[in-house]
**Q** 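Starting off with a structure, shown below.
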Amino acid sequence: MATTLGGLHQPRGAENSAEIDDLGRFAVDEHNKRENALLEFARVIKAQEQVVAGKLHHLTVEVVDAGKKKLYEAKVWVKPWMNFKELQEFKHAGDSPSFTTSDLGVKKDGHDGPGKQEVPTHDPVVQDAANHAVKTIQQRSNSLLPYELKEIVHANAEVMNDLAKFDMLLKLKRGDKEEKFKVEIHQKSEGTFHLNQVEPDHS
């Protein structure tokens, strides 16, 4: 992939590479030192890089602050040949409503978890659930043309006893045709997905 100088692009190996995680952890640690804060690194949600004199990494980092998930935008400048790494910017970007498998089975005062809530469509668990739905829709259809996930329009999640229930609106492409489907996907506590309901959406 050709990279234009100064242009933003996805790093190779995507968000979950050890190098990106290390940069996210570095950004949080540096911020904690500078601000005498106690943020705890959770994961990198999004990563892009920009070629300057070295690389400027633009990261969206999820942290835990006093038990609450929050999102921060960080910029880390790296010059590998000089062993140079510097945090350029670290700013709060909002609270993270991110749903993770660790939320499964969480009960408060004997009641099931937080009830149905909107979850970010870029959350890895949400994307895994959507991909499972697409795969199952493909298996159930008699079409020779494969379905391709174009967009998760919106997603809600609800924790119920030993499973999580996802309600999503998916935009799929099959050949030249785009279709929307409302789906309900269940995720068991061991992590497996099951497409419970699917219906075409003509809105």
**Q** Return the minimal non-hydrogen interatomic distance between I20 and A47, and the atom names on each side.
**A** CG2-CB, 3.8 Å
**Q** Under 4.0 Å between a Lys/Arg side-chain N and an Asp/Glu carboxylate O for R43 and E62?
**A** yes
**Q** So E73 and H58, do their side chains get closer than 4.5 Å, heavy atoms only?
**A** no
**Q** Check for me, please, whether V126 and L169 land in the same ILVMFWY cluster - side-chain distances under 4.5 Å, paths through other members count.
**A** no
**Q** Consider only side-chain heavy atoms of I, L, V, M, F, W and Y, link residues closer than 4.5 Å, and tell whether F84 and V52 are in one cluster.
**A** yes
**Q** Looking at E49 and K55, is there a salt bridge between them, counting it only when a charged N and a carboxylate O are closer than 4.0 Å?
**A** yes
**Q** Walk me through it: do E179 and D201 pass the test side chain to side chain contact (heavy atoms under 4.5 Å, CB included)?
**A** CA-CA 8 Å; E179 301 173 48; D201 179 81; over 6 Å; no
**Q** Hey, are R174 and E148 close enough for a salt bridge, meaning a charged N less than 4.0 Å from a carboxylate O?
**A** no
**Q** Passes side-chain hydrogen bond (donor to acceptor under 3.5 Å, both in side chains), H154 versus E118? Steps please.
**A** CA-CA 8 Å; H154 66 73; E118 192 169 342; over 6 Å; no
**Q** Is it the case that N196 and E184 place a side-chain donor and acceptor less than 3.5 Å from each other?
**A** yes
**Q** Let me confirm one number: the CG-CZ distance from L170 to F181, rounded to the nearest 0.5 Å.
**A** 9.0 Å
**Q** Got a second to check how far K171's NZ is from K150's NZ, nearest 0.5 Å?
**A** 8.5 Å
**Q** When you look at K182 and M168, which way does the side chain to side chain contact (heavy atoms under 4.5 Å, CB included) test go after all the steps?
**A** CA-CA 6 Å; K182 285 179 182 168; M168 299 188 201; over 6 Å; no
**Q** Between L71 and V64, is there shared hydrophobic-cluster membership here, with clusters defined by ILVMFWY side-chain heavy atoms closer than 4.5 Å?
**A** no
**Q** How long is the gap from CG on N156 to CG on D167, to the nearest 0.5 Å?
**A** 6.0 Å
**Q** May I ask you to check if K75 and W77 form a cation-pi contact, with NZ or CZ under 6.0 angstrom from the six-membered ring centre and within 45° of the axis?
**A** no
**Q** If I take atom CG from residue L23 and atom NE2 from residue H57, how far apart are they, to the nearest 0.5 angstrom?
**A** 5.0 Å
**Q** Search all heavy atoms of A157 against all heavy atoms of V119 and return the closest pair with its distance.
**A** CB-CG1, 3.8 Å
**Q** Look up atom NE2 in H122 and atom CD1 in I152, then write down how far apart they are to the nearest 0.5 Å.
**A** 10.5 Å
**Q** To check you understand the geometry: which heavy-atom pair defines the closest contact between A130 and I185, and what is its length?
**A** N-CD1, 4.4 Å
**Q** Side chain to side chain contact (heavy atoms under 4.5 Å, CB included), that's the test. Do V76 and K85 meet it? Break it down for me.
**A** CA-CA 7 Å; V76 181; K85 190 160 54 175; 3.8 Å; yes
**Q** Search all heavy atoms of A129 against all heavy atoms of F166 and return the closest pair with its distance.
**A** CB-CD1, 4.2 Å
**Q** So if you build clusters from Ile, Leu, Val, Met, Phe, Trp, Tyr with side-chain heavy-atom gaps below 4.5 Å, do L56 and M82 land together?
**A** yes
**Q** For residues V153 and V134: do they belong to one hydrophobic cluster (side chain heavy atoms under 4.5 Å, members Ile, Leu, Val, Met, Phe, Trp, Tyr)?
**A** no
**Q** To the nearest 0.5 Å, how far apart are CZ in F26 and CD in E86?
**A** 8.0 Å
**Q** Does any part of the side chain of L149, heavy atoms only, come nearer than 4.5 Å to the side chain of L172, both counted from C-beta?
**A** yes
**Q** Would you call the rings of Y72 and H31 parallel, tilted or perpendicular, taking 30° and 60° as the class edges?
**A** tilted
**Q** Please confirm whether the backbone N or O of Y147 pairs with a side-chain atom of Q138, one donor and one acceptor, at under 3.5 Å?
**A** yes
**Q** Test L195 against V183 for side chain to side chain contact (heavy atoms under 4.5 Å, CB included), laying out the working first.
**A** CA-CA 7 Å; L195 180 61; V183 298; 3.8 Å; yes
